[in-house]
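Everything on this sheet refers to the single structure shown next.
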Number of protein chains: 2
Amino acid sequence: MTHHHEVVEALQQIGYRLTPQRMMILEAIADSEGHLSAEEIHETVRTAYPYLDISTVYRTLDLLKTLHLVSETDLGRGPAQYELLSKGLHHHLICTECGEILDAPNSLLDSLRHAMSEEYDFHAEIEHLAVFGICSNCKGDAQEAG
Amino acid sequence: MTHHHEVVEALQQIGYRLTPQRMMILEAIADSEGHLSAEEIHETVRTAYPYLDISTVYRTLDLLKTLHLVSETDLGRGPAQYELLSKGLHHHLICTECGEILDAPNSLLDSLRHAMSEEYDFHAEIEHLAVFGICSNCKGDAQEAG
DNA sequence: ATTGGTGCAAAACTTTTGCAATTCC
DNA sequence: GGAATTGCAAAAGTTTTGCACCAAT
């Protein structure tokens with residue numbers, strides 16, 4: 001639950017300061033189940049510390065991204081979503097019909113990574129992938145409509 | 001080269017109007033080699049028709065997306081990129097070191113699609129995927145730096 | 001004629017930046 | 001003390017929207 005303190009303290013050793021804002025932002029991300037937008041992080045921390053500015057959230061997220069502690073997922077619509085990388089890398093299958101989000105393990109991409117490496121000598125860095133499509137529940141509906 | 005006229009005329013049959021703006025916008029996309037942003041489309045068409053508004057570009061792109069005539073790719077940074085789908089579906093491998101963009105055929109995703117279908121009964125709609133990573137030229141540099 | 005589309009202007013939304021004041025080391 | 005960090009305010013960049021006028025059917 002609070003193992004992210006190690007993570008924060010590790011910041012110091014690389015020369016970054018350990019500020020309350022940074023701790024609260026990381027805690028908000030760590031305590032959340034799924035993804036959070038910068039604005040959601042802002043709202044969450046503000047309940048405890050109303051002076052937090054959204055720019056501090058973005059600046060902290062930039063830092064955490066650089067350190068590969070959080071992942072940033074751009075869904076192509078709306079704000080980017082942030083998530084703790086230590087929670088275990090996974091990806092999302094998002095149904096465009098009903099909005100359901102299925103979690104898929106990182107291994108789902110093994111074959112794709114292999115193909116990119118073999119055929120293009122390209123080393124993919126896919127920390128977080130979002131794939132849109134139709135889930136099993138909505139497959140019937142889509143066929144009727146089409 | 002101008003087979004997109006068929007496409008535009010098909011619009012009428014579904015009840016959409018055939019306006020000069022729509023034709024010019026589609027022509028700009030069709031004539032371009034790679035991707036275009038909405039702003040680039042705007043600039044291109046404006047050389048011939050200076051009154052075109054950027055909002056018309058976005059509205060037309062929405063229409064063309066709905067009809068699956070163009071693909072929209074959100075690179076996660078900067079404006080979305082638009083491309084004719086009839087040009088042949090392909091994806092992009094973008095090197096984060098040197099910025100090179102490799103084109104990859106749609107078949108690259110076959111195994112991934114298969115895995116999502118088999119394991120999650122999820123029917124992915126990946127019209128256009130952009131994958132960031134390290135290309136073969138930069139692989140050595142990255143190892144030295146790391 | 002009528003509905004749909006366009007241009008214009010303004011706003012919405014997300015993210016970034018400059019800078020003075022503050023805080024952590 | 002001094003450099004890093006924050007809060008504030010403003011701006012930047014992309015996309016959307018309201019509305020009056022205009023054009024395609």
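In what follows, chains carry the letters A, B, and so on, assigned in the order in which the sequence lines appear, proteins first and then strands, with residues in each chain numbered from 1. These values consider heavy atoms only, across backbone and side chains, with no hydrogens, waters or symmetry-generated copies.
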Nucleotide C/dT16, atom P - distance to CD of A/E39 in whole Å: 14 Å

Side chain to side chain contact (heavy atoms under 4.5 Å, CB included) against A/S55, all qualifying residues, sequence neighbours excluded: A/D53, A/R59

What integer distance in Å separates A/L52:CG from D/dT5:C1'? 12 Å

What is the distance from NE2 of B/H42 to C1' of D/dT16, rounded to the nearest Å? 15 Å

Report, as a single string ordered 5' to 3', how protein heavy atoms within less than 4.0 Å touch nucleotides 20-25 of chain D: B base, S sugar-phosphate only, - not at all. ---BBS

To the nearest Å, give me how far apart CD1 (A/I25) and P (D/dT5) are. 12 Å

Result for 5'-nearest mapping on DNA chain C, choosing between B/L63 and A/G78, is B/L63

Counting only heavy atoms and a strict 4.0 angstrom limit, can you tell me which residues of residues 53-60 of chain B come near DNA chain C? B/D53, B/S55, B/T56, B/R59

Output the distance between atom CD1 (B/I25) and atom CG (B/L64), rounded to the nearest 0.5 Å. 8.0 Å

Heavy-atom check, side chain of B/Q81 versus side chain of B/L36, under 4.5 Å: no

Distance check, rounded to the nearest 0.5 Å: A/R22 atom CZ versus A/L61 atom CG? 11.5 Å

Should B/Y49 be listed as having a side-chain N or O under 4.0 Å from OP1 or OP2 of C/dG7? yes

CE of A/M24 versus C1' of D/dT5: gap in Å, rounded? 13 Å

What pairs of residues pass the ring pair (Phe, Tyr, Trp, His ring centres under 6.0 Å) test when at least one of them lies in residues 55-76 of chain A, not counting sequence neighbours? none

Could you give the distance from OG1 (B/T47) to NE2 (B/H42), rounded to the nearest 0.5 Å? 11.0 Å

Contacts of B/S111 meeting side chain to side chain contact (heavy atoms under 4.5 Å, CB included) (sequence neighbours excluded), chain-then-number -> A/S111

Got a sec, which residues hit side chain to side chain donor-acceptor pair (under 3.5 Å) with A/T73, two or more places apart in sequence or on another chain? A/H128

Length of the CD-P vector between A/E40 and C/dT14, whole Å: 10 Å

Between B/E40 and B/H35 the two heavy atoms that sit nearest each other are OE1-O, 4.0 Å

